[in-house]
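Presented below is the structure to which this report refers.
So you know, we letter chains A, B, ... as the sequences are listed, proteins then strands, and number each from 1.
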There are 2 protein chains.
Amino acid sequence: MQTIEELLESKNIRVTAMRLLIYKFLTEKQIAVTLSDIENAFEKADRTTLYRTVKTFEEKDIVHQIDDGTGITKYALCEKGCNCEIETDLHLHFHCNNCNETVCLTEHKIPQIKVPDGFVSENVNLVVKGICDKCSGQ
Amino acid sequence: MQTIEELLESKNIRVTAMRLLIYKFLTEKQIAVTLSDIENAFEKADRTTLYRTVKTFEEKDIVHQIDDGTGITKYALCEKGCNCEIETDLHLHFHCNNCNETVCLTEHKIPQIKVPDGFVSENVNLVVKGICDKCSGQ
DNA sequence: AAAATCAATGCAATGGAAGTGCAATTACTG
DNA sequence: CAGTAATTGCACTTCCATTGCATTGATTTT
């Protein structure tokens, strides 16, 4: 079990107060968050800083970007089983039409998608929309 | 074989010169187009008109919206086999990282996606990225 | 056919999100 | 401790989506 400081250092990311806070925020949220979500959580910090922090995390494969079809890019921590640095990894995300939350279903692998002759598949983005477990249970 | 006029009327859309032109443009393009694409094709027309025309087509299930991950929404004509009015229809689109074009692969059905207990799947958006047939053939 | 009604179009403006340049600050290195 | 490099904050810019309102055009009613 390594600390957040150790994790950042192992990824060659300079440890700053801001980065620790944002990382902590991401671990607490179990869902994918937008930049605005982070912005609302840290009203003191500048939006650009948050933007660039997340971009840094993304470059270093600490978070991955999610396009769930809402038009707003979301970010989520890469967990064990999330090999998003590998181009061919299949990202499966679930977007709830009710609560508008998006979760990563990293443990749910999806089958290989066949494409017609001549097409070369490099990456797959799969977003399932519907009602999530929290909303369907009510 | 029905004319465009008849098609629009059957969908309760008033026939105007603009709408006929835009529909014709969409049939000629075999790929999904952005609003800007349409704008460039009709420089005389106002952007708002084009926007609202496409939105009207979308409401009446003449075109469907595609989110291919470029951040810009694209539109494509619904063809036979494209039952996008049906919530459970699987939209499979291919986005070429080389020429930046997006095509509908309506004839390529994808397998049922399993989601964890408690989750209810209503809709699936699947975008495959890679190199399209035109670009890979070069 | 003219008047009245309703939809479609064009113009102007707004809003939201992504991204950039630069100066100031903060953290590392020798 | 001085110098260097990275980080942060502020001010802008850009791009696309969207809306309000006035005007034009088409359809219906009398």
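- Listed nucleotides C/dA18, D/dG9, C/dC11 differ in distance to A/Tyr51; the shortest reach to its side chain belongs to C/dA18.
- Atom CG of A/Asp46 and atom P of C/dA23 are 17 Å apart (whole Å).
- Rounded to whole angstrom, the span from the CD1 atom of B/Ile72 across to the P atom of D/dT18 amounts to 13 Å.
- Salt-bridge annotation for A/Lys55 and A/Glu59: absent, with no side-chain N of the basic residue lying under 4.0 Å from a carboxylate O of the acidic one.
- A donor N or O paired with an acceptor N or O is found under 3.5 Å between the base of D/dG9 and the side-chain atoms of A/Arg52.
- Here A/Arg47 does not reach the OP1 or OP2 of D/dG9: none of its side-chain N or O atoms lies under 4.0 Å away.
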Residues A/Lys129, B/Val124; criterion side-chain contact (heavy atoms from CB on, under 4.5 Å); working and verdict: CA-CA 6 Å; A/Lys129 299 192 182 192; B/Val124 174; over 6 Å; no
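- The distance between atom CD1 of A/Ile66 and atom C1' of C/dA18, rounded to the nearest whole Å, is 18 Å.
- Note on B/Lys55: every side-chain N or O is 4.0 Å or more away from OP1 and OP2 of D/dA17.
- Atom P of nucleotide D/dA26 and atom CG of B/Leu20 are separated by 12 Å, given to the nearest angstrom.
- Counted within 6.0 Å of NZ on A/Lys11, heavy atoms from surrounding residues, nucleotides or ligands total more than 12; the atom is thus considered enclosed.
- Atom pair A/Ile38:CD1 and D/dT8:P shows a separation of 13 Å (rounding to whole Å applied).
- At the heavy-atom level, B/Thr73 lies under 4.0 Å from the strands shown only through sugar-phosphate atoms.
- Comparing the start and finish of the helix from C/dA1-D/dT30 to C/dG30-D/dC1, five pairs each, the helix axis swings through 20°, to the nearest 10 degrees.
- Taking atom CD of B/Glu9 as the reference point, atom P of C/dA7 lies 17 Å away to the nearest angstrom.
- Other residues, nucleotides and ligands place no more than 12 heavy atoms under 6.0 Å from the CD atom of B/Gln112.
- Looking only at distances, no side-chain donor or acceptor of A/Ser36 sits under 3.5 Å from a matching main-chain atom of A/Glu39.
- At the heavy-atom level, B/Lys44 lies nowhere under 4.0 Å from the strands shown.
- In this structure, B/Asp37 atom CG and D/dA17 atom P are separated by 11 Å, rounded to whole Å.
- Between B/Val15 and A/Arg14, the residue whose closest nucleotide on DNA chain D is further toward the 5' end is A/Arg14.
- Crowding of A/Glu107 atom CD: a count of heavy atoms from other residues, nucleotides or ligands under 6.0 Å exceeding 12.
- Summarising the geometry, the separation between CE on A/Met18 and P on C/dT25 is reported as 18 Å, rounded to the nearest angstrom.
- A/Glu9 has no carboxylate O lying under 4.0 Å from a charged side-chain N of A/Arg14, or vice versa, which leaves the two without a salt bridge.
- Across all strands, A/Thr48 comes closer than 4.0 Å to base atoms (heavy-atom distances).
- Between A/Thr16 and C/dA27, a side-chain N or O to OP1/OP2 separation shorter than 4.0 Å is absent.
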